[in-house]
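Indexing begins at 1, ligand by ligand and atom by atom, following the structure's order. When a residue number appears, it is its place in the shown sequence, counting from 1.
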Amino acid sequence: MGWSTWYGFGCEYTAESIKAVADAIVASGMRDAGYTYVNIDDCWQLEERDSDGKIQVDPVFPDGIQGLANHVHARGLKLGLYTDRGTQTCAGRAGSEDHEAQDAATFAEWEIDYLKSDNCNSDAGRIEEQYRLMREELDTATSKTGRPIVYSICAWRFYDWAPSVGQLWRTGEDISADWAESNCGGVFDCMTTNAKYAAYAGPNGWNDPDNLQVGNGMSVDEQRTQFNLWAIMSAPLIAGNDLSAMSEETRQILTNKDVIEIDQDAFGLQGVPVRTEPDTHVEIWAKPLNGPGKRAVLLFNPDAGSHDITVRFADLGLGKSAVQLVDLWTKQDLGRFHDKYTVKNVASHASVMLRATGVEPEIPSGTAYLSDLTWIYAANASGPVERDRTAGKRGEADGGPIVLGDRAFEKGLGVAAPSAVLFRLGKACSRLTAQVGASGVIPEGASIVFRVLADDQLMYESARIFDGGNTETIDVDLTGKYRLKLVALVSDPAQNTVEAVWADARVQCH
Ligand code: GLA
């Protein structure tokens with residue numbers, strides 16, 4: 001959580017205006033709400049390096065970056081800086097290409113805490129290599145100073161290597177304070193793209209749909225909806241407005257502690273849409289929270305007219321029992337409900353964020369097929385996860401029979417990778433067995449990989465599967481584990497989703 005110069009200031013800032021924002025973060029209560037990083041984006045550096053190749057700070061920083069770092073650190077905040085992997089930044093200032101080690105050492109010496117690396121003026125063929133190189137040089141530099149630097153990859157789309165390189169990675173192009181599609185990406189676009197990569201998010205690695213646009217001109221409903229969506233997606237909350245001149249309304253949106261708590265939940269799952277109504281387009285989102293029976297629920301109306309929105313508790317992966325609901329904007333305890341809850345007349349682009357407390361589904365017993373159990377979370381790149389058929393990638397039950405190679409399977413889960421499905425085991429199970437493979441075509445040059453995690457620990461990883469005919473057999477020990485996560489990921493330069501199956505997937509339990 002933090003703030004960035006980019007959307008509020010562009011290149012028009014000075015050490016003084018950034019200090020004023022740092023002071024406002026403290027005075028407005030934003031620091032106490034969790035906003036920590038003060039990020040200087042493009043334009044702090046000069047176009048030319050000095051005769052030793054060292055990066056030069058623009059004279060609008062008379063005390064250098066270190067001077068600003070001191071100001072920010074003295075207030076219990078952290079400082080972020082910006083560079084570019086290419087020869088120049090997007091605004092034409094010096095980039096880090098061929099100066100990675102020198103810049104990493106300089107940044108560490110200035111005591112910065114965060115580095116965003118952009119993608120302008122660069123060689124497309126060197127993208128992974130250059131982002132990795134800067135990560136290594138930051139590690140080298142910070143191992144000497146002992147002050148870690150968060151690494152933010154700004155490559156304008158998702159790359160499957162990014163989660164192993166950065167702590168956060170942009171999933172799309174630049175956002176704007178615009179609901180509808182604009183020149184790059186309106187709020188709705190950035191959200192839709194970001195949602196596709198939910199399976200990759202988790203503690204210490206986050207999909208980044210770009211900065212908040214709260215306070216930058218959208219309607220109040222739209223600002224709250226962006227805040228809700230970013231929070232349920234566990235996205236970085238980086239404010240993009242001028243915090244030294246914000247309205248009380250903006251301040252209140254940015255400091256909604258209940259919604260921030262949803263974003264920061266220790267479980268670290270990226271919430272997902274669990275239902276989209278075909279006629280009205282309204283969406284119901286859910287995110288399991290750290291705590292038994294706890295879910296964040298978002299009822300969201302992206303449509304042009306008002307609609308009633310109903311959440312069915314069966315869609316939340318909860319067991320059958322009453323569910324208690326709290327509205328996180330009105331702070332009202334709404335009471336306990338059975339089966340479903342309806343909010344009347346949700347305005348266009350508005351949303352309602354609820355905290356739901358019910359009971360977890362029963363833990364499995366005996367030999368149980370996963371497709372007969374209730375999952376508590378399912379991220380799927382396209383359409384729903386299917387039981388005993390392939391994913392189909394659109395609506396419910398649109399897939400076909402499960403076939404791997406020339407073998408047909410009656411049981412199994414059909415997913416559209418990247419995908420992650422989470423089950424509760426409650427320490428009752430000892431073994432998972434399954435047969436995995438792609439049920440659809442794997443595009444030329446792409447591959448798919450399957451992972452089994454139990455309590456966030458990697459228990460199994462398949463080889464890269466390049467061919468629809470190839471399968472692997474899984475046999476994983478689950479003794480003593482609470483949660484099982486089945487992950488299927490795709491490596492593909494064209495960002496296709498690929499249909500995959502966990503055929504015959506079953507657990508053996510007491
Ligand atoms: C690119 C990035 C933005 C911002 C600008 C700065 O467009 O995607 O986030 O950093 O450059 O020039």
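Taking the centre and axis of the six-membered ring of Phe466, the NZ or CZ atom of Arg464 falls outside the cone set by 45° and 6.0 Å.
Ring orientation note: the planes of Tyr197 and Tyr200 are tilted relative to one another, at an angle of 30° to 60°. Between Tyr131 and Tyr151, the ring planes are tilted. Angles from 30° to 60° get that label.
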For ligand 1, list all ligand N or O to protein N or O distances below 3.5 Å, rounded to 0.1 Å.
from	atom 1	to	atom 2	distance (Å)
ligand 1	7 (O)	Asp174	OD2	2.6
ligand 1	8 (O)	Trp156	NE1	3.1
ligand 1	8 (O)	Arg170	NH2	3.3
ligand 1	8 (O)	Asp174	OD1	2.6
ligand 1	8 (O)	Asp174	OD2	3.4
ligand 1	9 (O)	Lys116	NZ	2.8
ligand 1	9 (O)	Arg170	NH1	3.1
ligand 1	10 (O)	Asp41	OD1	2.6
ligand 1	10 (O)	Asp41	OD2	3.4
ligand 1	10 (O)	Lys116	NZ	3.1
ligand 1	10 (O)	Asp118	OD2	3.4
ligand 1	11 (O)	Asp118	OD2	2.8
ligand 1	12 (O)	Asp42	OD2	2.7

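At a cut-off of 3.5 Å, with distance as the only test, a side-chain donor of His281 or Asp303 sits close to an acceptor on the other residue.
The backbone N or O of Ile55 lies less than 3.5 Å from no partner atom in the side chain of Gln102, so there is not a single donor-acceptor pair.
Judged as a disulfide (SG to SG under 2.5 Å), the pairs with a partner in residues 30-118 (not counting sequence neighbours) are, in order, Cys11-Cys43, Cys90-Cys120.
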